[in-house]
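Encoded as structure tokens, the structure appears first; notes follow it.
Order of the sequence lines fixes the chain letters, A, B, ..., with proteins taken first and strands second; residue numbering starts at 1 for each chain. All values below come from the heavy atoms of this structure, side chains included, with hydrogens, waters and symmetry mates left out.
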Amino acid sequence: MVKRTTYCGLVNETYLNQEVDLAGWVQKRRSLGNLVFVDLRDREGIVQLVFSQEINAEALALAETLRNEYVISVHGKVVARDERAINERMKTGKIEVEVTDITVLNESKTPPFDITDNVTASEDTKLKYRYLDLRRPEMMTGLRTRAQIVKSVHHYLDDHGFIEIETPDLTKSTPEGARDYLVPSRVYPGSFYALPQSPQLFKELLMASGFDRYYQIARCFRDEDLRGDRQPEFTQIDLETSFLSAEEIQDLTEGVIAQVMHDEKGIGVQLPFPRLTWNDAMARFGSDKPDLRFGMELQDLSEFFKDSAFKVFKSAIENGGQVKAIVAPQAATKYSRKQIEGLQDYIKRFGAKGLAWLKVENGEVAGPISKFVKEQQAELLAQLDAHDGDLLLFVADTQKVVADSLGYLRNYFGKELDLIPDNQFAFTWVVDWPLFEYDEGDQRWVAAHHPFTMPNEEDIHLLDTDPHSAHAQSYDIVLNGYEIGGGSIRIHTREIQEKMLKALDFSKEKAQEQFGFLLDAQDYGFPPLGGLAIGLDRFAMLLAGRDNIRDVIAFPKNSKATEPMTEAPSRVATAQLDELGLNVEDESEK
RNA sequence: GGUUCCAUGGUCUAGUUGGUUAUGACGCCUGCCUGUCACGCAGGAGAUCACCGGUUCGAGUCCGGUUGGGACCGCCA
């Protein structure tokens, strides 16, 4: 095999009049008879090859037989294109390669879709032929963005005294949190390992061992339903430290992110990032992961409407709820009554019973509820800072329903009204989370973050009296409306840990059975500790400008958690099951 | 677990009130073409209308079910 001179996409004027050897895939053949052009593609880009009688008749003949995605190598001379033949849209458009020798390294069937960035094939088809999909430049770019992030993280954390340590993938199932992926044990039939949801407990134990600063690019597994930003296996930039405060860990994280933004995007981010309390995030943006690239904040009108003649509003407030509104700027004429009612149907899934709205026209409010606010309309418009042409949207309900509904509508209108600037990266911390949240489905209190999260210092006493009102030393890092990471200061004393588990209704026995190794470790000089994990996939997705983490994962699952290419998961041989002591029900069905 | 949408040549797609040979583009094949880069021109091939059943004289179209896929809610310490 001839040694390549360079990548196709990197051939430029410095190679003028030199002989080069190139290899790659045929992007396109354009035959004009005795003159043939071939676009040759590799990971760095495309270069135009020329074949003609004058250059080499034998190569020309072979060029006529080329088809898309054939793999070839060529030898030829880099020449300048004629003035009128220059292609300004191509990086290599000023030159071309006159081919004197060509080898077909492999032929290709006609691919099921074109290897271009404006591909039209369905997600299903693309995943089935993932190796072809990944030939597309934008897919290569996404994975290279991801690689660059990892490289920067290694560089930064290595420089800051972090030690990279691997933790097990075959570990113990834990009852809290997401559903585990289970791995049957052959040696102990009926017993199972679990794949880690995160390396949480192991990294805490590494602090107990005195490593002081740990990190890992860690694969995590959660058997829950998928979304555009959720895959069953995903990767965290996982780190843990001893003897640092929440603020110090946040500063450190900002350093990591600033390094990545500098290396990958050439952007100097403004530090420190804003810090929002969880309460403020929910109150102002209706979300625990607010998109700060635009305004349109939720405004509380409970006081304004507490004596309203509009019973829906008045009674919501009397029942301990609230009335809030958002102002969609210049949206009044863009949305018909029917469209707004469509939005109302949508927010019903968050529990909202209705969506009240007003349009502002000539300084007056108009719309179905206008008669209730006509008298105070000037006051209302002033309070909301609303102007002619704006659309006002109101939801009256419990705090949670109001936040979910208006938070959704805020994001919806942000996109629809084009209020979100491109190429902006708005980081923020969301801090001071509740320690617990109530699980309506299971009718019990669960840890909002995880059961090892330290309460705020001033709330520790609440563990004895009113644990569920306590707030936590936990923090999420949010980018453009996505949670890209989160962490906390952990509990490091057995006393507080046991109170925490008790508040979660763990019996002493159950706690010992599930987390005994951690509780025991806390008896042997467990240092104060805390850490954080950044979701690599989401971070890479956002930096690559994509809207699905599949685009920055080489071989992802589809939305049904299967992989169309390998057809995993699949049934296995009975002999394999027998060896594991497993019986599958209804094996004949399906 | 729930809601909702979708399935027509290789790909994307049109298909009316149920009515003769199922539309178009791209791609593919053959021929012509020496400056193309969305090459052009002429011709051609390519369809189990996802699957099963029903209604009907007649189903791509209507009804029921199944399968596969997309989005969303729940779920995701």
Side-chain angles (χ1 to χ4, degrees), chain A residues 27-40 46-55 60 64 67-69 81-90 92-93 96 98 109-116 118-129 132 174-180 196-198 200-201 220-232 234 345-351 404 408 412 433 435-437 439-442 445-453 472 474 483 486 488 500-501 504 514-515 533 535 547-548 550 558-562 564 567 590:
Chain A
Q27 178 72 28
K28 184 77 183 175
R29 174 181 58 99
R30 288 180 297 279
S31 170
L32 283 70
N34 283 319
L35 178 67
V36 172
F37 298 99
V38 169
D39 288 341
L40 191 65
I46 287 173
V47 69
Q48 176 165 280
L49 311 178
V50 199
F51 300 79
S52 75
Q53 293 281 6
E54 293 78 17
I55 300 164
L60 173 67
E64 275 296 350
R67 296 294 180 270
N68 285 358
E69 300 309 311
R81 295 196 195 182
D82 269 4
E83 194 68 34
R84 63 198 162 87
I86 286 175
N87 185 341
E88 296 291 349
R89 294 188 303 279
M90 274 177 91
T92 60
E96 60 193 2
E98 292 184 339
K109 298 210 298 197
T110 302
F113 50 84
D114 282 349
I115 312 301
T116 69
N118 39 24
V119 65
T120 54
S122 69
E123 197 65 30
D124 203 29
T125 307
K126 287 191 291 178
L127 284 174
K128 186 172 175 190
Y129 298 95
L132 298 181
T174 52
E176 293 282 300
R179 197 177 292 114
D180 284 323
Q197 297 175 28
S198 83
Q200 184 60 38
L201 297 180
C220 307
F221 306 86
R222 294 176 190 176
D223 187 3
E224 297 293 348
D225 288 343
L226 287 73
R227 288 288 189 280
D229 62 353
R230 271 168 31 192
Q231 283 271 317
F234 60 100
D345 288 341
Y346 196 91
I347 61 170
K348 279 180 179 165
R349 70 186 57 189
F350 302 115
D404 288 350
Y408 166 80
Y412 173 85
W433 288 61
L435 188 58
F436 298 91
E437 62 189 13
D439 184 327
E440 300 283 352
D442 286 2
W445 288 92
V446 296
H449 188 52
H450 56 56
F452 320 108
T453 304
S474 59
E483 177 204 334
S488 62
M500 180 74 188
L501 290 169
L504 288 166
Q514 295 297 339
F515 310 115
D547 58 8
N548 195 305
R550 277 197 295 257
N558 68 10
S559 73
K560 296 277 163 42
T562 68
E567 296 185 311
K590 294 186 179 178

Centre-to-centre under 6.0 Å for F515(A) and F452(A), is that the case here?
yes
Check this for me: does the side-chain of E54(A) come within 3.5 Å of the base of U34(B) through a donor and an acceptor?
yes
Under a 3.5 Å cut-off for both contacts, is G31(B) paired Watson-Crick or G-U wobble with anything, and if yes, with which nucleotide?
C41(B)
Got a donor-acceptor pair under 3.5 Å from the side chain of N87(A) to the base of C37(B)?
yes
For D82(A), which contact category applies under a 4.0 Å heavy-atom criterion: base, sugar-phosphate, or nothing?
nothing
Look at the side chain of R230(A) against the base of C75(B) and say whether a donor-acceptor pair falls under 3.5 Å; ignore hydrogens and angles.
yes
Does S559(A) have a side-chain nitrogen or oxygen under 4.0 Å from the phosphate oxygens OP1 or OP2 of A71(B)?
yes
Which part of the nucleic acid, if any, lies within reach of K28(A) when heavy atoms closer than 4.0 Å are counted: base, sugar-phosphate only, or nothing?
sugar-phosphate
Partner of A25(B) by Watson-Crick or G-U wobble geometry, both contacts under 3.5 Å, or none?
U11(B)
Is there a donor and acceptor pair closer than 3.5 Å between the side chain of R81(A) and the base of C37(B)?
yes
Distance-only donor-acceptor test, R227(A) side-chain atoms vs G74(B) base atoms, 3.5 Å:
yes
Report yes or no: does D180(A) contribute a side-chain atom to a donor-acceptor pair with the main-chain N or O of T174(A) at less than 3.5 Å?
yes
Would you indicate what T562(A) reaches in the nucleic acid, counting non-hydrogen atoms under 4.0 angstrom: base, sugar-phosphate, or nothing?
sugar-phosphate
Both distances below 3.5 Å, Watson-Crick or wobble geometry, any strand: find the nucleotide opposite U4(B).
G70(B)
Donor-acceptor pair (no angle test) under 3.5 Å: D124(A) side chain, G68(B) base
no
Once you apply a heavy-atom cut-off of 4.0 Å, does E88(A) come out as touching a base, just sugar-phosphate, or nothing?
nothing
Look at all strands and tell whether S52(A) reaches a base, only sugar-phosphate, or nothing, counting heavy atoms closer than 4.0 Å.
nothing
Describe the nucleic acid contact of S198(A) in one word from base, sugar-phosphate, nothing, applying a heavy-atom distance below 4.0 Å.
base
Please work out if Y346(A) contacts a base, only the sugar-phosphate, or nothing of the nucleic acid, heavy-atom cut-off 4.0 Å.
sugar-phosphate
Counting the atoms with a prime plus P, OP1 and OP2 as sugar-phosphate, which does A85(A) contact under 4.0 Å by heavy atoms, base, sugar-phosphate, or nothing?
base
Below 4.0 Å: OP1/OP2 of G27(B) and any side-chain N or O of T110(A):
no
On the side chain of S31(A), is there an atom forming a donor-acceptor pair with the base of C39(B) - under 3.5 Å, no angle test?
no
